[in-house]
Structure formats: C-alpha cells, structure tokens
Amino acid sequence: MKIASNKLSDLYLYYKNELSLMYDEQELYSIFEVVCEKYLKFSKADTKQQFQSNLNQSDVILIYDTCKELKKGIPIQYILKEAFFYDANFYVNHSVLIPRPETEELVDLIIKQFQGRPSELSILDIGTGSGCIPITLKKHLPQSNVAGIDISEEALNVARQNAVNHKAEIAFHKADILLDNPLSMFNFQFSMIVSNPPYIIHTESKRMDPRVLEHEPHVALFVEDHDPIIFYKRIIDLCEQHLAKEGSLFFELNPLFALDVKNYANTSNLFNFTELIMDMSGKDRFLKAQKK
C-alpha cells in the first residue's frame, strides 16, 4: 500500500494497514504518538490537533521508514534508540533490555522510602543494563553515591552514555557476580544493593512476545530452568560482606519464584526482615529486606 498523501492522518492510516496484525489499535496509536514526538516534536495533543496537516517530505520518509522497521518486528525503542523510563528518556540499543514498567515501580518504591532523608546513601545496582535504575536513583536521591556493575561491556557502554546524557555521576564496572570476589573493586560496604537480574526460565519463552525473543539480549533475560534463582542467591550471599549493617536489599522478581527468593533470604539469617511486595498487577514482584 502507498501513502495517500503527506497528511498525518494518511500516515497513520498507512501504519494501521501495515501493522494491525502485529499491534492492537491502542498500542499502535501509542507507537504512532511516540514516532510523532521523536520526528515532529509533537506532544500527544499536537498529534491530535495536527492530524489533517501536511508534513514535509523528509519527515514523511522518516515516519515511513520507521513503519518498515516496525513491520520487521523490531521494537520501537530500538528503532528510535530511546526508551522512556520513570521521568526521562534513555538511550537504548540491542545490547540492553528495554526498561519495563515493573522496574519503574521498583525505582519508585526506593525513591519514596529514601527521598528527603539527610543521610548519605551508597547504592550498588547489580546487572545495570542501560543504567536506568542507578541513574534515576542518583537524580532523585542526589545525596547518594551510586555504582553499577554488569557482565556485558556493550551494556556498560550504553549505561555510561546515559550517565553522561543525564549528568549523573555513576561508577560503572564490568563484573560477573557468579565468579569469586566479583565486588573486589569496592573497599567499602554499601547501604543499599538493588538488582533486577535475569529471571525468566527458558520454558517460559514459549509464551513470550517474538519481538522480545528475537531482539532483546538473552543474557539479560534468561536463567537456566534447573536453578531459576541462582542470581538472587548469589547476591544474597554477597550481602554478608558487601551490605552494611541495617542496609537495604531490593529485588525485582519473577512471581513464579518470589517465595523461593524470600525463603532463601530468610534462611541466610542475614536480615531483620524480608517482605514481598506486589506490583500493580497484584503479582509478587519485589523483595525488600534489611540486614541485621
């Protein structure tokens, strides 16, 4: 199908005809709004108000080419090289996961608990990916000293770029937490450790969106079926040496194994309390704990 004219409304009609089998109408219109914001600098209100306006040819080509990429199944965030998280846009590419709403909930949980406190925090984010967690925490908890680690140098490059873009001072390091002494670069204890590690078992992949499976980094998504909480257990074990007294631990969880993580934390005898917290969908998604 060809685009009938340079009108914004005809471009949207083109998107509907090309992509209606891949997205429902509400999601498709949301994507179109994001495209208009990126290339035309339109707000959502502008997009509606300018629906019958004619665009210049260069903008039409950009929006048309984006539709072609979407038709290949590439997520819009990777096409536009940015994803909105919490209250800001972050640079993303195929080396990092696209930030999820559940992770925004995790960050909001932390910010609401610690915002306004005069004491200085030292925060470690394990499996930092795009850096959206530590950067957002640094912006909203400016009294904190923040570090992030990841196994992927490519992901760390993205995180460092985001830190520069957001003028956030974060120390990023490459580390594999499953190896011996993965935090040896730090000669102090943290007052908070936070992590959203890989937590999807391979057997769950059959129910996942093909766009996620084909385009997002599997190293950041999947864990072996025989030990689905391996990263959580390792991080809990690391808390003995690297989390300060009365320090806080925060996890994003796979609801299927949330109770297993809580039980492991309890049996470690490291914590005054452990608490499972539901996400907006009513699933056990987060764990909060305080070290003795």
Side-chain angles (χ1 to χ4, degrees), residues 1-105 107 129-132 135-136 139 154-155 157-159 161-162 164-166 205 207-218 220-221 280-281:
M1 176 191 171
K2 293 184 178 180
I3 303 170
S5 75
N6 281 20
K7 282 186 178 180
L8 191 61
S9 58
D10 283 328
L11 275 167
Y12 179 59
L13 181 61
Y14 178 77
Y15 268 57
K16 285 181 69 174
N17 286 327
E18 293 294 307
L19 303 171
S20 59
L21 295 179
M22 300 174 64
Y23 301 95
D24 63 42
E25 188 167 357
Q26 183 177 355
E27 186 178 11
L28 181 56
Y29 186 73
S30 295
I31 289 172
F32 191 72
E33 287 180 322
V34 170
V35 172
C36 290
E37 180 182 10
K38 175 70 173 181
Y39 295 128
L40 306 176
K41 309 304 179 189
F42 281 1
S43 67
K44 291 180 180 181
D46 292 333
T47 300
K48 286 183 179 179
Q49 292 169 2
Q50 301 295 329
F51 225 53
Q52 298 305 318
S53 300
N54 283 297
L55 306 181
N56 66 54
Q57 190 63 23
S58 60
D59 288 334
V60 170
I61 291 171
L62 286 171
I63 296 171
Y64 170 79
D65 286 345
T66 298
C67 185
K68 290 198 298 183
E69 294 296 287
L70 285 165
K71 198 169 181 180
K72 297 175 186 176
I74 303 172
I76 186 62
Q77 294 90 344
Y78 289 147
I79 298 170
L80 302 183
K81 302 295 184 186
E82 66 181 28
F84 190 81
F85 181 82
Y86 202 73
D87 59 359
N89 275 316
F90 285 80
Y91 167 63
V92 296
N93 62 26
H94 290 273
S95 299
V96 299
L97 291 181
I98 297 166
R100 298 319 201 255
E102 294 84 358
T103 309
E104 290 181 308
E105 289 186 61
V107 166
S130 64
C132 62
I135 291 168
T136 305
K139 288 172 64 179
E154 292 79 11
N157 289 335
V158 173
Q161 182 60 57
N162 277 318
V164 170
N165 293 347
H166 289 276
S205 65
R207 302 190 297 273
M208 292 176 65
D209 189 324
R211 285 166 288 184
V212 174
L213 290 175
E214 293 171 12
H215 297 284
E216 299 202 47
H218 285 202
L221 285 169
M280 292 181 68
S281 300

Residues D87, K139; criterion side chain to side chain contact (heavy atoms under 4.5 Å, CB included); working and verdict = CA-CA 10 Å; D87 59 359; K139 288 172 64 179; 4.0 Å; yes
query = Quick one: are the ring centres of Y29 and Y12 less than 6.0 Å apart?
reply =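 That pair passes the under 6.0 Å test.
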request  = Using the side chain to side chain contact (heavy atoms under 4.5 Å, CB included) rule, take Y78 and E69 through it: C-alpha gap first, then chi angles, then the decisive distance, then the call.
outcome  = CA-CA 10 Å; Y78 289 147; E69 294 296 287; over 6 Å; no
ask   = So F32 and F51, would you call those rings parallel, tilted or perpendicular, with 30° and 60° as cut-offs?
value =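 The rings of F32 and F51 stand perpendicular, inter-plane angle above 60°.
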Say you draw a straight line from [atom1] of [X] to [atom2] of [Y]; how long is it, rounded to the nearest 0.5 Å?
X	Y	atom1	atom2	result
N89	Q77	CG	CD	10.0 Å
I63	Y39	CD1	OH	8.5 Å
K16	L11	NZ	CG	14.0 Å
S43	K41	OG	NZ	13.0 Å
F90	H166	CZ	NE2	4.0 Å
I76	T66	CD1	OG1	5.5 Å

With a 4.5 Å cut-off on side-chain heavy atoms, are [Y] and [X] touching?
X	Y	result
V164	Y91	no
E104	P101	yes
E154	V158	no
I135	N165	no
P99	V92	yes
C67	L19	yes
L62	L40	no
C36	L8	yes

ask   = If you count the non-hydrogen atoms of other residues, nucleotides and ligands that lie under 6.0 Å from NZ in K44, is the total more than 12?
value =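 Not buried by this count: 12 neighbours or fewer within 6.0 Å.
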query = Is the number of heavy atoms from other residues, nucleotides or ligands within 6.0 Å of CD (Q52) greater than 12?
reply =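 Atom CD in Q52 is crowded, with more than 12 foreign heavy atoms closer than 6.0 Å.
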request  = Using the side chain to side chain contact (heavy atoms under 4.5 Å, CB included) rule, take F84 and V34 through it: C-alpha gap first, then chi angles, then the decisive distance, then the call.
outcome  = CA-CA 10 Å; F84 190 81; V34 170; over 6 Å; no
task = Would you tell me whether S5 and D10 have side-chain atoms, one donor and one acceptor, within less than 3.5 Å of each other?
result =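 Yes.
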query = Side chain of N162, backbone of A159: donor and acceptor closer than 3.5 Å?
reply =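 Flag not set: sc N162 to bb A159 has no pair under 3.5 Å.
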task = Give the intermediate values and the outcome of side chain to side chain contact (heavy atoms under 4.5 Å, CB included) for residues R100 and I98.
result = CA-CA 6 Å; R100 298 319 201 255; I98 297 166; 3.8 Å; yes
